[in-house]
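Notes follow once the structure below has been shown.
Computed from a predicted structure; not experimentally measured. Hydrogens, waters and symmetry mates are skipped; everything else that's a heavy atom, side chains included, is used. Index from 1, following the sequence.
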Amino acid sequence: MPVKAALRVSNLRKTYKDVVAVDGIDLEILSGECFGLLGPNGAGKTTTIEICEGLTEADSGDVEVLGLRWSSDAATLRQKLGIQLQETQLAEKLTVFETLRLFRSFFRQGPGAEEAIRLVQLEEKRDARVGALSGGQKQRLALACALVGDPDLLFLDEPTTGLDPQARRQLWELIEEFKAAGRTILLTTHYMDEAERLCDRVAIMDHGKIIAQGTPRELIASIGVEHVVEFSAGGTPSDGVLDLAGIGGMAGVRDVRTENGSVLLQVTELHKAVPGLLDELGRQGVPLTELRTHSATLEDVFVRLTGRHLRDE
C-alpha cells in the first residue's frame, strides 16, 4: 500500500514588508516519518511551520494537512495536531498537573494529565509551579502539552534550543518514542546531530527557498565528500606562509577553506589525504600544530551549498 502524505505544501509564499520569508517552496511529508526542516535563523523555517499549523496565513500557495485545509476544516485539524512552539509561554503560577489538565480539556481524546506527566518523566515535578522548572523541564512540559490531544501530526519548532546536552538527549528519546508509535513529526532545527539522529528525511532552507532535500545519507553523499580534515599549522594563509593552492591540488581534495585560523579540507579518501597533507606541509616547511578529522555531516552539506554554517545568523 502506498504511504499517504500527512502534509503537502505547494508553491508556498509569505512576505513581511520588504522581507521574503518563504519563497515558493514545495514539501511532501509522509505519514509515519520524522521530517526535518533545517536552516539558519532567518531562513524561513518558523514562518513555514506556522503556516502549516494554521497560526499564520500564507500570501499564496496551498497547504494540505492530513488531507484537510485550514480554510474549511480548522476545528477538525485542531483536534488532530500537536504543536510545540519555538518559545512556549505557560502560566508560571500553575503547577505541572494543572497546566496539563487545562490543555487536556481542549481535546476530545488523549492521555490524561497524570499519564502525560509520566510520558515526559516529570512525576517528581507534578505539583511544582511552572515558574520553578528548569529549562529542560519546561521543554518537556511543553512537549507534554503538545501530546495530550493524542495528535496524528506533531509540530516541533526548535524543541531543544538552549538545552544542556543531557536535557537534549532526554527530549530526543521522547520524540523517538512518539515516532516509534507510527506518528508523523515535522521538526525544525539548526542542530545537525539532532537532524541526523531523529529525521528520516530533511529539507535545507536558506533565504526562504529549499536548496536541498532527501535523507541525511543521500544529502551527504550528494556533495561527493566522505571526510573533513581540519588543521592548524605554523603559518597561516593570512601571513602568506601557507600555500593553500598546493594543498588544494592534492589528490582526493575537493575543497579548501579557512575558518577561525584553521584550514578545512573536504576529501574523498582520508587514508590518502592525511599522508598527502603531511608531505605537502613538509615540502612547504610549515610545522603542523593541530589536526582533526570527522566524517562528512549535514553541516558540511550546508557549507558546501551556501558557503556558511547553519548556526550563522
- Minimal non-hydrogen separation, G208 against I25, with atom names: O-CG2, 3.3 Å
- Query: Is the shortest side-chain N to carboxylate O distance from K14 to D59 below 4.0 Å?
  - Reply: yes
- Item | Set of residues satisfying salt bridge (charged side-chain N to carboxylate O under 4.0 Å, His left out) with respect to E98, sequence neighbours excluded | none
- Y191 vs T160, side-chain contact (heavy atoms from CB on, under 4.5 Å): CA-CA, chis, key distance, verdict: CA-CA 9 Å; Y191 294 125; T160 63; 3.5 Å; yes
- Query: Would you call K125 and E123 a salt bridge, using N to O less than 4.0 angstrom?
  - Reply: no
- Message: Rounded to the nearest 0.5 Å, what separates atom CD1 in I49 from atom OG1 in T188?
- Response: 5.0 Å
- Query: What are the two closest non-hydrogen atoms of R197 and W172, and how far apart are they?
  - Reply: NH1-CE3, 3.3 Å
- Message: Would a single hydrophobic cluster contain both V148 and L156, if residues Ile, Leu, Val, Met, Phe, Trp and Tyr are joined by side-chain heavy-atom contacts under 4.5 Å?
- Response: yes
- Sidechain N-carboxylate O distance under 4.0 Å for R69, D62: yes
- Item | Carboxylate-amine/guanidinium contact R201 E218, below 4.0 Å | no
- Query: So, do V228 and L265 sit near enough that their side-chain heavy atoms are less than 4.5 Å apart?
  - Reply: no
- Query: Are any of the side-chain heavy atoms of D23 and R13 separated by less than 4.5 Å?
  - Reply: yes
- Stepwise, does the side-chain hydrogen bond (donor to acceptor under 3.5 Å, both in side chains) test hold for Q121 with R140? CA-CA 8 Å; Q121 303 167 23; R140 278 189 278 161; 4.6 Å; no
- Given side chains that start at C-beta, do those of E176 and L198 come closer than 4.5 Å, heavy atoms only? yes
- Query: Do you reckon I117 sits in the same ILVMFWY cluster as V130, going by side-chain contacts under 4.5 Å, direct or chained?
  - Reply: yes
- Item | Side-chain heavy atoms of I83 within contact of L154, under 4.5 Å | no
- Query: Checking R126 against F97: charged group under 6.0 Å from the ring centre and within 45 degrees of the axis?
  - Reply: yes
- Task: For the residue pair T189 and E194, confirm or rule out a side-chain donor-acceptor distance under 3.5 Å.
- Result: yes
- Message: In this structure, would L66 and L147 fall into the same cluster of hydrophobic residues linked by side-chain contacts under 4.5 Å?
- Response: no
- Task: Would you please name every residue forming a side chain to side chain contact (heavy atoms under 4.5 Å, CB included) with T289, sequence neighbours left out?
- Result: S232
- Query: Does the distance from a Lys or Arg side-chain N to an Asp or Glu carboxylate O, for D150 and R108, drop under 4.0 Å?
  - Reply: no
- Taking 4.0 angstrom as the limit, do E33 and K179 come out as a salt bridge? no
- Message: Once rounded to the nearest 0.5 Å, what's the spacing between atom CZ of R254 and atom CD of E269?
- Response: 11.5 Å
- Message: If only side-chain N and O atoms count, and only distance matters, is there a donor-acceptor pair under 3.5 Å linking T297 with D300?
- Response: yes
- Decide, yes or no, whether a salt bridge links R8 with D26 under the criterion of side-chain N to carboxylate O below 4.0 Å. no
- Query: Can you tell me how far CG of L38 sits from SG of C199, rounded to the nearest 0.5 angstrom?
  - Reply: 6.5 Å
- Message: Quick check: do E280 and M250 have side-chain heavy atoms less than 4.5 Å from each other?
- Response: yes
- Would you indicate whether the side-chain heavy atoms of F35 and L27 approach each other to under 4.5 Å? yes
- Beyond-backbone contact of H190 with T161, side-chain heavy atoms, under 4.5 angstrom: yes
- Task: Flag yes if L242 and V274 sit in one hydrophobic cluster, no otherwise; membership is Ile, Leu, Val, Met, Phe, Trp, Tyr, and two members link when side-chain heavy atoms are under 4.5 Å apart.
- Result: yes
- Task: Group every Ile, Leu, Val, Met, Phe, Trp and Tyr by side-chain heavy-atom contacts under 4.5 Å, then state whether I247 and L278 land in the same group.
- Result: yes
- Should the pair R304-D255 be classified as a salt bridge under the 4.0 Å nitrogen-to-oxygen rule? no
- Message: Whether the D157 and T46 side chains hold a donor-acceptor pair (N or O, under 3.5 Å, no angle test) is what I'd like checked.
- Response: yes
- Which residues pass the ring-ring contact (aromatic ring centres under 6.0 Å, His included) test with F103, sequence neighbours left out? F106
- pair R168-D164: side-chain heavy atoms closer than 4.5 Å: no
